[in-house]
Amino acid sequence: MAAYLTTRRTMLRGLGVAMAVPWLESLRVWGQEAGTTAVKGEAPVRFAAMFSGNGFHREHWWAKGAGKTMELGSVLEPLNEFREKLLFIRGLYNEEALKGNIHSSQTGNLLSGAPLESGGGIRSGISIDQLLAKHYGQTTKVPSLVLGCEKSNPSVHKNYSMLYSSHISWSSPTTPTPLEVYPALAFDRLFRQDASKSDQSVLDAVLEDAKGLRRSISRSDRQKLDEYLNSVREVEQRIEHAGERGELQGWRPTLDKPNIVRPADGIPQDIADHMRLMCDILVLAFQTDSTRLCTLKLNNDHSSLRFPNLGVDYMIHHLLSHQESDDWLKVNQFFLQQLAYVARKLDAIQEGSRTALDNSMIMYCSSMLTGGHDATKLPVVILGGGGGKLKTGRVLDYLDQPNRKMCSLYLSLMDKFGLQLDQFGDSTERLAEI
């Protein structure tokens with residue numbers, strides 16, 4: 001009997017390839033699984049943490065009001081269409097991050113709240129995404145996807161390892177989760193069982209199985225399946241074209257030698273295309289249920305990226321992020337446009353009565369509020385409803401509250417996955433409003 005009728009989760013299979021299909025009304029491919037609180041037949045909850053380093057323009061990161069009348073500062077203007085699906089959180093912080101007062105000491109524990117070892121050593125704490133992966137990620141092909149657009153920096157700055165500023169995801173206190181900066185390799189990880197077996201297109205490999213599946217589903221599901229397969233093909237083609245141009249974000253060893261000189265480490269030739277490809281892969285990973293957990297680091301804290309696409313051709317740090325300039329605002333908005341792009345694509349994917357965005361929690365954050373290293377109140381925005389478990393369209397201000405720990409937020413978010421802990425990082429309390 002065909003694989004699409006016999007597997008617990010519907011998969012399309014071909015030589016060296018296994019590809020999960022999106023939610024279809026004709027096939028209840030998601031059901032009650034160990035470690036989840038999913039209702040039978042409902043799509044699962046997903047969590048993503050998106051990060052940009054160096055904070056934001058101090059005058060333009062704000063929100064007030066509620067729902068469709070919520071007002072957003074200029075940095076957040078790209079999110080205007082999602083105000084009813086947005087949660088703006090002000091005033092949270094990590095106490096341990098205040099000790100070093102530099103980028104590395106403020107970033108390495110952003111998702112864990114753990115104390116950091118100084119002196120060039122490496123010790124942090126397991127991050128929320130990886131803790132969820134241990135308990136919740138084993139039901140998917142890829143327990144978690146850890147993506148980035150700037151390579152790690154292994155040096156030491158002011159007594160702290162720069163690996164802290166290069167990684168927000170930690171698999172253990174001494175192990176930052178490997179960061180995938182190549183879209184082609186991230187794509188292969190989602191869909192190939194053995195990427196070296198063949199250079200055959202993922203779609204070509206599963207086409208026969210897909211034809212069989214089409215015969216067993218409704219007309220509306222056929223349209224949805226076709227749209228999904230087309231999106232996979234589009235990402236494949238964009239990766240191929242990026243490789244032909246010899247850009248860092250598309251480079252992969254399919255030629256005997258590169259057709260141009262390989263770009264320098266850490267500086268993609270076209271950062272806009274690089275970020276957009278990584279956003280597409282995040283969406284595709286969630287849409288196919290290949291993973292339910294992802295971090296996407298758009299740049300490092302203490303970043304060396306430049307933005308010639310914005311007419312800002314000088315380094316984001318220190319020349320840009322320490323100035324409250326129009327150029328800094330322009331870069332801030334560019335980062336938030338990536339979040340809006342992810343949200344828009346997820347919101348266009350219908351999963352029963354909800355969209356994929358409704359079934360997700362996409363947290364956007366940085367390790368400081370401003371480029372002046374202010375980590376006393378961290379910028380946090382969450383898009384999506386967590387499968388109906390998260391009330392959005394709100395602004396929450398914890399600045400003058402006794403419990404304003406980031407780890408209290410993480411305890412509340414983990415509850416949405418059915419993972420209820422007595423303590424995480426430096427917190428034993430939840431944020432009651434989350």
Exercise. Between E81 and R344, is there a salt bridge with N-O shorter than 4.0 Å?
Worked result: yes
Exercise. Any side-chain heavy atom of L72 sitting closer than 4.5 Å to one from W62?
Worked result: no
For this session: For S408 and N403, test the side chains for any donor-to-acceptor distance below 3.5 angstrom and give the result as yes or no.
Result: yes
Exercise. Between OH of Y364 and CG of L383, what distance do you get to the nearest 0.5 Å?
Worked result: 11.0 Å
For this session: Could you tell me how the ring of H57 sits relative to the ring of H60: parallel (under 30°), tilted (30 to 60°) or perpendicular (over 60°)?
Result: tilted
Exercise. Any side-chain heavy atom of V232 within less than 4.5 Å of one from F187?
Worked result: yes
Exercise. Donor-acceptor pair, R394 side chain versus E433 backbone, under 3.5 Å?
Worked result: yes
Exercise. What class does the angle between the rings of F56 and W61 fall in, given that below 30° is parallel, 30 to 60° is tilted and above 60° is perpendicular?
Worked result: parallel
For this session: Answer yes if the side chains of S169 and Q130 hold a donor-acceptor pair under 3.5 Å, and no otherwise.
Result: yes
Exercise. In terms of side-chain heavy atoms, does N359 have a donor or acceptor partner in E351 at a distance below 3.5 Å?
Worked result: yes
Problem set entry | Verdict with reasoning, D347 to K85, per side-chain contact (heavy atoms from CB on, under 4.5 Å) | CA-CA 10 Å; D347 211 30; K85 298 190 177 188; 2.7 Å; yes
Problem set entry | Salt-bridge criterion met for K345 and D280 (N-O under 4.0 Å) | yes
Exercise. What distance separates T392 OG1 from I382 CD1, expressed to the nearest 0.5 Å?
Worked result: 10.5 Å
Exercise. Nearest 0.5 Å, what's the CG-CE distance between D273 and M278?
Worked result: 12.5 Å
Exercise. Does the side chain of N299 come under 3.5 Å of the side chain of S52 through a donor N or O and an acceptor N or O?
Worked result: no
Exercise. So is R276 actually on top of Y341's ring, under 6.0 Å and inside 45° of the axis?
Worked result: yes
Exercise. Going by atom types alone, do S127 and S112 pair a side-chain donor with an acceptor below 3.5 Å?
Worked result: no
Problem set entry | Identified side-chain contact (heavy atoms from CB on, under 4.5 Å) counterpart of L145 within the set L293, L296, T291 | T291
Exercise. Could you state the interatomic distance from OG (S412) to CE (M361), rounded to the nearest 0.5 Å?
Worked result: 10.0 Å
Exercise. Around atom CD of Q337, are there more than 12 heavy atoms of other residues, nucleotides or ligands at under 6.0 Å?
Worked result: yes
For this session: Flag this pair as yes if the NZ/CZ of R90 is under 6.0 angstrom from the six-membered ring centre of Y398 and inside a 45 degree cone about the axis; otherwise no.
Result: no
For this session: Would you mind reporting whether I122 and W170 have side-chain heavy atoms less than 4.5 Å apart?
Result: yes
Problem set entry | Atom pair CE/OG1 of M363 and T295 - distance to nearest 0.5 Å | 10.0 Å
For this session: Apply the test side-chain contact (heavy atoms from CB on, under 4.5 Å) to residues F51 and I168: give CA-CA distance (whole Å), side-chain angles for both, the deciding distance (0.1 Å), then the verdict.
Result: CA-CA 8 Å; F51 171 94; I168 57 173; 3.8 Å; yes
Exercise. Among side-chain atoms of S124 and N109, is any donor-acceptor pair under 3.5 angstrom?
Worked result: no
Problem set entry | Identified side-chain contact (heavy atoms from CB on, under 4.5 Å) counterpart of V381 within the set L76, V75, I362 | L76
